[in-house]
**Student:** 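What follows is a single structure, and I will ask about it in a moment.
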Amino acid sequence: NVLLFLPAESSNMVHLENEAFLSELTRLFQKARTAGAVYITMKQYNGQSKPKPAKPKAEPVAEQAEHMCLIRASKGNKKISTVIKAKDINKFQMAYANIIKTNMDGLKKRDRKGTKAKSKKAKATQ
């Protein structure tokens, strides 16, 4: 099972390298084939691990030099995360998409019997 949620709450995890994250993500999916689910979260990341204290509103907010994306995955107590920089996003996205595609074969097909009966009933009344 694959479940995607946005946004994610922060925690104190060590960030893996992108390739190590992808290999660990593959292992999580393999473990989830028999039972369980893998939860994946993505959010914009600015490099902060702790929130900054509130500032007066008069100061302009400085723009970040480089955009980054924080990706986390968890299955049970096992949690992994990585930070992808803007220059690496295309390479990572291609590898990530391949992993997701290969591991979505365990999904159950949706039961549409109820929707067909309702649509026939609606057409009959018109």
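Quick note: residue numbers are just sequence positions, from 1. FYI, side chains are in, hydrogens and waters are out, and symmetry mates aren't considered; it's all heavy atoms of this structure.
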**Student:** State, yes or no, whether a side-chain contact exists between N103 and Q30 at a heavy-atom distance under 4.5 Å.
**Tutor:** yes
**Student:** Are side-chain heavy atoms of Y45 and I71 found at a separation under 4.5 Å?
**Tutor:** no
**Student:** Just verifying a value: how many Å separate K91 NZ and L22 CG, rounded to the nearest 0.5 Å?
**Tutor:** 9.5 Å
**Student:** Are H15 and T82 linked by a side-chain donor-acceptor pair shorter than 3.5 Å?
**Tutor:** no
**Student:** Which atom names give the shortest non-hydrogen contact between S23 and A20, and what distance separates them?
**Tutor:** OG-O, 2.9 Å
**Student:** Would K78 and E24 pass as an ion pair if we require N to O under 4.0 Å?
**Tutor:** yes
**Student:** Please name the pair of heavy atoms, one in K75 and one in A37, separated by the smallest distance, quoted to 0.1 Å.
**Tutor:** CG-O, 3.5 Å
**Student:** Look up atom NZ in K79 and atom OG1 in T41, then write down how far apart they are to the nearest 0.5 Å.
**Tutor:** 10.0 Å
**Student:** Walk me through it: do Y96 and M42 pass the test side chain to side chain contact (heavy atoms under 4.5 Å, CB included)?
**Tutor:** CA-CA 12 Å; Y96 175 73; M42 297 177 169; 3.6 Å; yes
**Student:** Looking at I80, I84, V83, which hits side-chain contact (heavy atoms from CB on, under 4.5 Å) with F21?
**Tutor:** I80
**Student:** Considering non-hydrogen atoms only, spot the tightest contact between T34 and K31 and give its length.
**Tutor:** OG1-O, 3.5 Å
**Student:** Taking the side chain as C-beta and beyond, is there a heavy-atom pair between I100 and I40 under 4.5 Å?
**Tutor:** yes
**Student:** Just how far is it from atom CG of L25 to atom OG of S74, taken to the nearest 0.5 Å?
**Tutor:** 10.5 Å
**Student:** Mind checking the CD1-CE spacing from I99 to M94? Nearest 0.5 Å is all I need.
**Tutor:** 12.5 Å
**Student:** I need the E66 CD to M68 CE distance, nearest 0.5 Å.
**Tutor:** 6.5 Å
